[in-house]
Amino acid sequence: MQDRYDPRAIEADAQKFWAERRSFHVTEDKARRKFYCLSMFPYPSGKLHMGHVRNYTIGDVLTRHHRMRGMNVLQPMGWDAFGLPAENAAMANKVPPAKWTRDNIAYMKQQLKSLGFALDWDRELATCDASYYRWNQWLFTRLFRKGLAYKKTGVVNWDPADQTVLANEQVIDGRGWRTGALVEKREIPMYFFRITHYAEELLAALEGMDGWPEQVKLMQKNWIGRSEGVRIGFEYALENQKKILWVFTTRADTLMGATFCAVAAEHPIALHAAKSSPQLAAFVEECRRGGVQEADLAKIEKKGMPTGVFCTHPISGEKLPVWVGNYVLMGYGEGAVMGVPAHDERDFAFALKYGLKIVQVIDVKDFSGTQWREGYVEPGRCIHSGKYDGLDFQASIDAIAADLKARGLGEKQVQWRLRDWGISRQRYWGCPVPIIHCPSCGDVPVPDQDLPVVLPEDLVPDGTGNPLNKLASFVNTTCPSCGRPAKRETDTMDTFVDSSWYFARFACPGQDTAMVDERARYWMAVDQYIGGIEHAILHLLYSRFFQRAMADEGLMPKELREPFTNLLTQGMVLAESYYTDADGRREWVNPADVAVERDAKGKITSAKRIRDGAPVAYDGIGTMSKSKNNGVDPQSLIEKYGADTARFYTMFASPPTHTLEWSDESVEGSFRFLKRVWAYCVKFKAGSAAADAESLRKATRYEIHSVLRQLNYDIDKHQLNTVASGAMKILNALERLEGFPEAAREGLQILLKVLSPITPHICHALWRELGFGEDIMREAWPDPDPAALVQDEIDYVVQVSGKTRGNVRVPRDADQPAIERLAAEAVKKYIGGKPVRRVVIVPGKLINIVV
RNA sequence: GCCGGGAUGGCGGAACUGGUAGACGCAGCGGACUCAAAAUCCGCCGGUGGCAACACCAUGUGGGUUCGAUUCCCUCUCCCGGCACCA
């Protein structure tokens, strides 16, 4: 046995051992409980970052733990390989996205292997492979025929200089990232998935999803956004024709306080009125400016302009002005709202700004009418509302809705915030939408026998749109239904389509005649899904939609409607950033190149660049990013300390769900711990067994089994940082022992077993070196021995009036009066002569004497 | 702007279901070993006052519930994630 811990050698050995035995290859086995453990697959950006290491280590620890619990565990890996960064890299380096992507995959795969993850590589897939994306296309054609996929116009960011559609990410401060031109909104035809068909179900099912964090379910619930309200019609005349302006409101009780209506700039009333008013046309044009991001739209100054059109209040018959408002969204509800300044903050500000009438109709206190007050939106009894006066929130809504319904001017309605999912992207590096546009037959889905529509892989985009548009051999085709010349759709699919079902495909390696097969029935649903909290809404909601669409298509059992039974959302990995402002130019300095100085208490006082001693300024802590040059490369970490240290550190530093703040010194500490484990085992192997003193044996076993009990509790709730510290506590207990009695042997085996999911290589090596067995991975996970946890005496905390004043040791079988007597004796001086009002006893823990 | 989350020593974090705040580790300080350094090992380590015993203060802010609050409720501040074409 080597005296020194040499991670490089033992990690290579262990990985070879697993590879030769195909240790992580799994197949369906009806006899054992299956466990499908999945981490979100990576985008092949070039090399792994710390977020990947953390994500995949969490997944690997859970995988290995469940294996040791006797389950049939599947942990696959693949590549989310389509997307924008490949096109950017292609433009920068004049390399086709396909080559760039596949080179990255090869490199990152080797990195993942060096980390020793228990992955079944036989199931590897990349979404850019035609063998994968053909099934995107196949399912699309199925949904298209069903009407679950359809075409309509959608709004996009338009760069007028490059004449191209921009991703939100490519819009910087309202301008195109390459041209600097002011971005506009533009409507173009797109394909949509009808996710709203499942809105009700996607919402209702959240209720039973106990394995998901409340926080994520709440975000999804709010995103789907079910609201009950009333659709209300305001009559108006346009060119002598009677028309109805429909609005949706959740506050029909305030209808009698409506003093205006506002429509979106794209609303027919606005467009019509703009024809005869140059000012209004200019305002509508102004609303077109800017991108489509909701965060920006919500922050712009609320502006409006009257259309000159008046509509009729459906109850009072009063004439109300119709305004165009830049805050009204065409995509939500009817693209129009009623304005009730007295009971809506936004309407209030709008009314004050433009001198519109404010009428209070709900009995809220302190209504001043000149300044917005908290509480104006609170529901209450109706006032100044004619026949509705005195009715409360629900009663007034019921009465108003009934009256409107009787006159054909409204009814109760359920409205969803959720919008259908636009999947068309005017980009090259993605899955082609399998549609052929025929002048006589219209949009024809590509027939099954012609799938896949293969993406040509040798194009290099130039930033002015999708190069597929210019590729005649791709575009020109014949109509599958009439045989005449036709054009192929050149839009590709949103990459979220690729990632909405990959987990099902992992179950079916080698299947080339179907999207999924019966093996998916064995493995699905994913028992444990792990990934970043940033995916809490979109990816996870789209996957839930896909699972339903696939089940309803007969691809999976109809009742299997949720893809992920348990979800763990990991926190981000953050790092400090530093910069110098030498000669007026800010230069970001990587934390690895910075030396900090501390005062006597260890507080940081200053920082310098190691290379030249130049003082650097601290910029705080944030996500690792290229722009701030604060990324920590996992590769250098693995090379310096080995995979086990990298794995241990990422588990120990922070609970999986919290952010992790990078610290080089703490990495050092993790390495030191593994060295101590190795050194202890070297001594253990050389030492001779000592006799167990009964008391020593009992105390040590109590200590180790107590830690084990807590550790098992922690690992079951995925609090892996305290699992790591539990392992440290066990080593501390072992090192306190004199010699190596039987209790040490038992404790050491427990230590190696509980540590092995986190640091599998070193545990594999030590298990074999010490002759404990051939393969620690095949050992059963340890449980605490109840006999070891029984104590003869119990320590109680004694409080006087809630303040801790002492401890008292009482025999296990002491009765309550005896405990009270011992406790009172222990804190006699704090009680003094004061009368005892009450004694609170928490069994096994604490006594509080209230005086 | 809207939705969700977070804040505990110099730092990362722990505290089982409301029950000793600071486990485990990092940094720091002191010591051992060494010609010396590294490595390793031992001790100390929230703040204030005190020779000490000990006392008081302390879990972002302000309030509340409770015998007892880091934990539950309300208020505010700051930070982070998402907002539908980044993945």
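Letters go in sequence order (proteins before strands), and every chain restarts at 1.
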Taking every heavy atom of A:H52 against every heavy atom of A:P42, the minimum-distance pair comes out as NE2-CB, 3.6 Å
Result for 5'-nearest mapping on RNA chain B, choosing between A:V156 and A:D714, is A:D714
To the nearest angstrom, the CD1-C1' distance between A:I172 and B:C86 comes to 11 Å
Here the distance between atom P of B:G1 and atom CG of A:N222, to the nearest Å, is 18 Å
Scoring nucleotides 17-26 of chain B by protein non-hydrogen atoms under 4.0 Å (B base, S sugar-phosphate only, - none) yields S-BBS-BBSS
- Item | Within-4.5 Å side-chain heavy-atom neighbours: A:L125 and A:M77 | no
- Query: For atom P, what is the distance between B:U20 and B:C85, given to the nearest Å?
  - Reply: 50 Å
P spacing across the pair B:C86 / B:U65, given as an integer number of angstrom:
49 Å
Next item on the list: Would you mind classifying the nucleic acid contact of A:P42 as base, sugar-phosphate or nothing, using non-hydrogen atoms under 4.0 angstrom?
Entry: nothing
From CD of A:E345 across to C1' of B:C2 the rounded distance in Å is 12 Å
Practice task
With heavy atoms under 4.0 Å as the rule, sort A:Q719 into base, sugar-phosphate or nothing.
Solution key: sugar-phosphate
Rounded to whole Å, CG of A:L711 lies from P of B:A15 at a distance of 12 Å
Classified by glycosidic angle (syn within 90° of 0, else anti), B:G9 comes out syn
Stems for RNA chain B (at least 3 consecutive Watson-Crick or G-U pairs, under 3.5 Å) come to B:1-7 with B:77-83, B:10-12 with B:24-26, B:28-32 with B:40-44, B:46-49 with B:54-57, B:62-64 with B:72-74
- Which whole number of Å gives the distance between the C1' atom of B:G22 and that of B:C57? 15 Å
Next item on the list: Report yes or no: is the cationic atom of A:R4 (NZ for Lys, CZ for Arg) under 6.0 Å from the centre of the six-membered ring of A:W678, at an angle within 45° of the ring normal?
Entry: no
> With a 4.5 Å heavy-atom cut-off, do A:V433 and A:T492 have their side chains touching?
Replying inline: no
Check: residues 835-851 of chain A side-chain donor-acceptor pairs under 3.5 Å, at least two apart:
unit_1: A:N848; atom_1: OD1; unit_2: A:S801; atom_2: N; d: 3.4
unit_1: A:N848; atom_1: OD1; unit_2: A:G802; atom_2: N; d: 2.9

Rounded to whole Å, the CD1-C1' distance (A:I224 to B:C3) equals 13 Å
Quantified in whole Å, what is the P atom distance between nucleotide B:C78 and nucleotide B:G62?
-> 16 Å
| query | In whole Å, what separates the C1' atom of B:U40 from that of B:G46? | reply | 29 Å
#### Entry: OP1 or OP2 of B:A55 under 4.0 Å from side-chain N/O of A:R805
yes
When rounded to whole Å, the CG to P distance for the pair A:L166 and B:C86 reads 11 Å
- Which is true for A:V165 with a 4.0 Å heavy-atom rule: it touches a base, it touches only sugar-phosphate, or it touches nothing? base
Distance check: side-chain N/O of A:K803 vs OP1/OP2 of B:C57, anything under 4.0 Å? yes
Assign A:Q426 to base, sugar-phosphate, or nothing according to its heavy-atom contacts below 4.0 angstrom with the strands shown.
-> base
Atom C1', compared across B:A7 and B:G60: separation rounded to whole Å
6 Å
Nucleotide by nucleotide, nucleotides 78-84 of chain B touches protein heavy atoms under 4.0 Å in the pattern (B base, S sugar-phosphate only, - none) ---BSBB
For the pair A:L202 and A:W223, evaluate side-chain contact (heavy atoms from CB on, under 4.5 Å) and give the outcome as yes or no after the intermediate values. CA-CA 11 Å; A:L202 287 167; A:W223 184 263; over 6 Å; no
Inset, instruction - Kindly indicate, with the supporting measurements, whether the criterion side chain to side chain donor-acceptor pair (under 3.5 Å) is fulfilled by A:D491 and A:N466. - result: CA-CA 8 Å; A:D491 279 358; A:N466 186 347; 5.1 Å; no
(Q) Between A:K185 and A:L297, is there a side-chain heavy-atom distance shorter than 4.5 Å? (A) yes
Fill in: Whole-angstrom distance between B:C45 and B:C29, as gauged at atom C1'
8 Å
A:F671 CZ to B:U40 C1', in whole Å, measures 13 Å
Sorted by chain and number, sequence neighbours left out, side chain to side chain donor-acceptor pair (under 3.5 Å) with A:E703 holds for A:R736
Rounded to whole Å, the CZ-P distance (A:F496 to B:C86) equals 8 Å
Less than 4.0 angstrom from a charged side-chain N to a carboxylate O is my criterion; do A:E301 and A:K353 meet it?
yes
Comparing nearest nucleotides in RNA chain B, the 5'-proximal residue of the pair A:V850, A:Q710 is A:Q710
What one should report as the nearest heavy-atom pair of A:Y191 and A:S424 is N-OG, 2.8 Å
| task | Sticking with atom C1', work out how far B:U17 lies from B:C2, rounded to a whole angstrom. | result | 34 Å
query: Within 45 degrees of the axis of the six-membered ring of A:F192 and under 6.0 Å from its centre: does A:K152 put its NZ or CZ there?
result: yes
Residues pairing under ring-ring contact (aromatic ring centres under 6.0 Å, His included) where one sits in residues 704-737 of chain A, two or more places apart or in two chains, turn out to be none
Open item on the list: Between A:E87 (side chain only) and A:W429 (backbone N and O only), is there a donor and an acceptor less than 3.5 Å apart?
Closed with: yes
